[in-house]
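Residue numbers begin at 1 in each chain, while the letters A, B, ... track the order of the sequences. This one's a predicted model, so the numbers in the text were calculated from it and none came from an experiment.
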Amino acid sequence: MAVPLNGQWQCQCPPHKRCCKIQPSMLACDLADLASEAKSVLAAGADELHLDVMDGHFVPNMSFAHPVVASLRKHVPDAYLDCHMMVSRPSQWVEAVAGSTKGAGARYTFHLEAVEEDELDVAGVVKLIRDHGMQVGVAIKPGTAVEALSAVVALVDMVLVMTVEPGFGGQKFMPNCMPKVLALRSEHPDLDIQVDGGLGPSTIDAAAAAGANLIVAGST
Amino acid sequence: MLSTLAFSSGFSVSRSPVSQGRAGAPAMLYGEPRPVQIIPSVLPADWANMGAECKRLEDAGVDRIQFDVMDGNFVPNLTFGPELIAACKKYTTVKFETQLMVSQYNCETMLDEYTAATNQPGKPGVVIAHVEGNTHLHRTLTKIREGGGSPSVALNPHTPAEMIENVLDLCDHVLVMTVNPGFGGQAYIPTMVDKIKKIRGWIVDRGLDIDIEVDGGVKADWTIAACADAGANCFIAGSGMFAYENLADGCSELRTIAEAAQKGKARRGGGEGRGGGGGGGSPRRSVRRCSRPRRTRAGSRRSGSCVPRRGSSAGATSRSSSGSRRDSRRA
């Protein structure tokens, strides 16, 4: 567990060699000027673009979806597009997102909680994503125990531990989600672990100390 | 002045000519024509530059800009939500219109956000709720009005006009879908004209202040003419507008044909019966094939040229003589 010492977070997680990346969330940008905003953050050194797709059902908000991503791709043809799919029945949009992101790398991150109503099981969703040429991420909400991922982690490339309730930007970071990150890192030193929600200068240290290596930065 | 009419079986409205188009040619439009409004959908636009695209449309002279919200449940496509719509307000002052092709759950949980996003300062936004997606449509339309919006109700092609008969008093607009929403490549459904005529009849006979909108496969050809002739005065055109190199030309062409049709100079379906006076001179065409990938939406992709032969100058007005653009409706 990461603990504060003299005002600094001390890393307690096992050492890992996963590359640390900052992923700006496009949800915090001017949504009417996505092309320019994307180019700006990439020019500023961002490694990947984090795209929050919401369908108004899995979460009580709608942001933008694969047609927007397709338009954006034309303007940033080489960028890695990290698609966080906060949607119900996640298998239904795999083909569309693959088509929208083609040309460069992309990740399709689905929520574990959303698979229950899907016609495919987790393994089926994972296979579908891989068959369409994308990397696979699985996300859990704050209320989902990390144990729920035990049978899933080996199948995916990345796990996203939400540090806010998904659906809206500008929420406050939930430090009680860090034990989940630490548990994952302790058991899977080679896993990409992403955190999303309220990450900023005052909270990023806690996330990194727990073992997260992919940091989504939005409104902060 | 309207003639006194008698209803027939209730499934059609008897009409008598109330205005003459060309000499001896009776107009089909029932009641006095309402101002034509050209309302492009943003779906064919560059969504990574949505603000700039809205500004282009404003400069082209459109009356409203329509945002198609699809939630993947009411229709099998997913587009965008209120935040993206609201973000466009920085780029244009044109009135907005949002068509909610969303489930009842989504409509109920996010209606206030949709309405707020669609309202421009001083201009109530048109918020379109689908009759099929709202069990409590009366409440939904009332809520739109209470949120400062301008309520509109939409009907899918299979939905009979009678489904909205009891809420007309709550609406500023009725949208008759002329394709099945959510899919691209759908052909304009010509039988929707009968539904337009029926609703138009109710509006005129009850003295209601309601526009009829049409959406789906509407282009600057016989499709817009047929709808205008039947009583629609608001025309949502996606590819029908963006097919033009110069959007202003597209807006003008659509408006010209619609206004001509209102005056009885309609171009009848499938190329039959050319209305419009004259036709002298070669048409100036600025149509290009839309090169960007088509998105699935509530619109058709009719093949072939969509630019009509230019009519006489008498009909080629770019603005309705009955007034300027519609401004805010009663709120």
Output the distance between atom [atom1] ([X]) and atom [atom2] ([Y]), rounded to the nearest 0.5 Å.
| X | Y | atom1 | atom2 | value |
| --- | --- | --- | --- | --- |
| Arg89(A) | Asn73(B) | CZ | CG | 5.5 Å |
| Thr109(B) | Met62(A) | OG1 | CE | 10.0 Å |
| Leu78(B) | Gln92(A) | CG | CD | 8.0 Å |
| Trp47(B) | His75(A) | CH2 | NE2 | 13.0 Å |
| Asn49(B) | Leu34(A) | CG | CG | 8.5 Å |

Does any heavy atom of chain B fall under 4.5 Å from the side chain of [X], the backbone, both, or neither of them?
| X | value |
| --- | --- |
| Val87(A) | side chain |
| Val53(A) | side chain |
| Glu37(A) | neither |
| Met54(A) | backbone |

Greatest number of non-hydrogen atom pairs under 4.5 angstrom with chain B, of Pro60(A), Ala38(A), Ala65(A), falls to Ala65(A)

Output yes when Lys90(B) and Asp30(A) qualify as a salt bridge under the 4.0 Å nitrogen-oxygen rule, no when they do not.
-> yes

Between Asn61(A) and Glu83(B), a side-chain donor and acceptor under 3.5 Å = yes

When you look at CD of Glu117(A), are more than 12 heavy atoms from neighbouring residues, nucleotides or ligands closer to it than 6.0 Å?
-> no

Contacts under 3.5 angstrom, residues 132-142 of chain A side chains, donor-acceptor by atom type, not counting sequence neighbours:
residue, atom, partner, partner atom, Å
His132(A), ND1, Leu128(A), O, 2.9
Gln135(A), OE1, Tyr80(A), OH, 2.5

Where Ala32(A) and Tyr91(B) come nearest, the two heavy atoms and their spacing | CB-CE1, 3.4 Å

